[in-house]
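Heads up: the structure comes next, in structure tokens.
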Amino acid sequence: LESIYPDSFTVLSEKPTTFTITVTSEAGENDETVQTTLKFTYREKYPDETPLYEIVSQENLDDNDVTDIIKLLEQQAEENLGMVMIFTLVSAVQEKLNEIVDQIKTRREEEKKQKEREAEEEEKQRFHGTPVTIENFLNWKAKFDAELLEIKRKKMKEEEQAGKNKLSGKQLFEMDHNLDTSDIQFLEEAGNNVEVDESLFQEMDDLELEDEEDDPDYNPVNLDSD
């Protein structure tokens, strides 16, 4: 074993015989690898009884991969009972790691294709929209009518509230009786200081007013006449 795995074989103890072997997969598409370190311990009657084995470390393997490797070791150990089997067990794990690298490649390709399909579908939705069916049209119509009704309700409520807040002249006088004498009070306070711009008024002589007696339609008896 030491000559077969010179760079990855490490003896931990002689009694009982315990050692580790690090197994690395072949490089994947992007030079990625997966790796695990297996620990073996010979039992007293090995190889007539299976050795003890466990995974002491791993790189780039998920929990399902680790579980599959343990099951593989158990199967191979039972099938090779009575024969020296460490090389067989390690070789089986080596093949499994190579399969995992290939699976990672396949999984990534599937994920890439899935993302492309989703992006393509999203692009179709953006330009073509959702196909109209009777069901989704009725759902949209019900939602649209509800929103429109709510807008009308809010508008009516605002108009009603505005009408309540707008006071008539009578209501203003009833609320503030000082308004009854406000104009008189203003004139009294102004006294003789009220200024009148006489230019705003025309001279009576300048006004072309017809004499009522000169009006042929004038009738002092008939007040309703023109």
Side-chain angles (χ1 to χ4, degrees), residues 1-137 139-140 143:
L1 291 174
E2 193 170 7
S3 62
I4 295 173
Y5 308 107
D7 299 326
S8 60
F9 180 84
T10 303
V11 175
L12 301 180
S13 68
E14 295 289 345
K15 293 183 179 181
T17 302
T18 303
F19 53 89
T20 61
I21 298 177
T22 299
V23 187
T24 305
S25 70
E26 296 177 357
E29 182 180 16
N30 298 320
D31 292 331
E32 58 192 356
T33 59
V34 293
Q35 180 177 287
T36 183
T37 298
L38 307 174
K39 178 182 176 182
F40 296 98
T41 300
Y42 287 156
R43 295 182 181 181
E44 185 178 352
K45 296 182 180 181
Y46 174 81
D48 292 329
E49 59 182 350
T50 61
L52 300 175
Y53 48 82
E54 63 179 299
I55 294 176
V56 294
S57 67
Q58 55 86 15
E59 291 182 9
N60 302 325
L61 295 173
D62 58 30
D63 294 340
N64 291 333
D65 294 331
V66 172
T67 300
D68 290 343
I69 292 172
I70 292 296
K71 289 180 180 179
L72 176 63
L73 288 170
E74 180 180 356
Q75 175 188 349
Q76 290 295 319
E78 292 295 332
E79 290 178 0
N80 291 276
L81 193 62
M83 298 180 291
V84 291
M85 63 182 75
I86 301 301
F87 176 78
T88 302
L89 298 182
V90 173
S91 297
V93 171
Q94 177 77 59
E95 292 181 6
K96 181 64 177 177
L97 295 183
N98 292 338
E99 290 177 7
I100 292 173
V101 169
D102 291 337
Q103 290 172 1
I104 291 175
K105 175 185 176 182
T106 302
R107 185 164 60 245
R108 287 181 176 176
E109 290 177 350
E110 287 296 325
E111 290 175 353
K112 181 180 179 181
K113 290 180 180 179
Q114 180 64 24
K115 289 181 179 179
E116 291 175 351
R117 286 193 294 267
E118 291 176 355
E120 183 179 351
E121 187 64 25
E122 184 178 348
E123 194 71 14
K124 288 181 179 179
Q125 291 290 340
R126 182 181 303 172
F127 286 99
H128 301 289
T130 303
V132 177
T133 63
I134 295 177
E135 182 179 1
N136 62 26
F137 172 77
N139 290 336
W140 171 85
K143 183 178 179 181

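The analysis underlying the following values was restricted to heavy atoms, covering all of them including side chains, and did not include hydrogens, waters or symmetry mates.
Checking side-chain atoms of T36 against main-chain N and O of S57 turns up a donor-acceptor pair under 3.5 Å. In this structure, the side chain of Q94 engages the main chain of T24 through a donor-acceptor pair within 3.5 Å.
Counting all heavy atoms, side chain and backbone alike, N80 lies closest to M85 at O-CE, 3.3 Å. Of all heavy-atom pairs between D68 and K96, the closest is CB-CE, 3.9 Å. For the residue pair T33 and N60, the shortest heavy atom distance occurs at O-ND2, 2.7 Å. Across all their heavy atoms, L72 and A92 have their closest contact at CD2-O, 3.4 Å. Nearest heavy atoms, L89 versus P51: CD1-CG, 4.4 Å.
Side-chain contact of Q114 with E118: a donor-acceptor pair under 3.5 Å is present, judged by distance alone. Looking at T37 and T22, their side chains do bring a donor and an acceptor atom within 3.5 Å of each other.
Inter-residue side-chain proximity for D65 and V34 is flagged as unmet; no heavy-atom pair is nearer than 4.5 Å. In this structure, the side chains of Y53 and I69 stay at 4.5 Å or more apart for every pair of heavy atoms. Contact annotation: the side chain of K39 approaches that of L12 to within less than 4.5 Å [non-hydrogen atoms, C-beta and beyond]. Within the 4.5 Å cutoff, the side chain of Q76 has no heavy atoms near those of the S91 side chain. Considering only heavy atoms from C-beta on, V90 stays 4.5 Å or farther from I4 through its side chain.
Between F9 and Y5, the ring center distance fails the sub-6.0 Å criterion.
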Any chance you could lay out the side chain to side chain contact (heavy atoms under 4.5 Å, CB included) test for L52 and R43, step after step, and finish with the verdict?
-> CA-CA 7 Å; L52 300 175; R43 295 182 181 181; 3.2 Å; yes
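Other residues, nucleotides and ligands place more than 12 heavy atoms under 6.0 Å from the CD atom of E99. Atom CD of E44 has 12 or fewer neighbouring heavy atoms from other residues, nucleotides or ligands inside a 6.0 Å radius. Around the CG atom of D48, the shell of radius 6.0 Å holds more than 12 heavy atoms that belong to other residues, nucleotides or ligands.
For the atom pair OG1 of T50 and NZ of K45, the computed distance is 12.5 Å after rounding to the nearest 0.5 Å. L38 CG to Q58 CD: the interatomic distance, rounded to the nearest 0.5 Å, is 11.5 Å. We find the CG-CD distance between L97 and E59 to be 11.5 Å, quoted to the nearest 0.5 Å. From Y46, atom OH reaches atom CG of L81 across 10.0 Å, with rounding to the nearest 0.5 Å. Atom NZ of K113 is separated from atom CD of E110 by 5.5 Å, given to the nearest 0.5 angstrom.
With sequence neighbours excluded, the residues that form a ring pair (Phe, Tyr, Trp, His ring centres under 6.0 Å) with F40 are F19.
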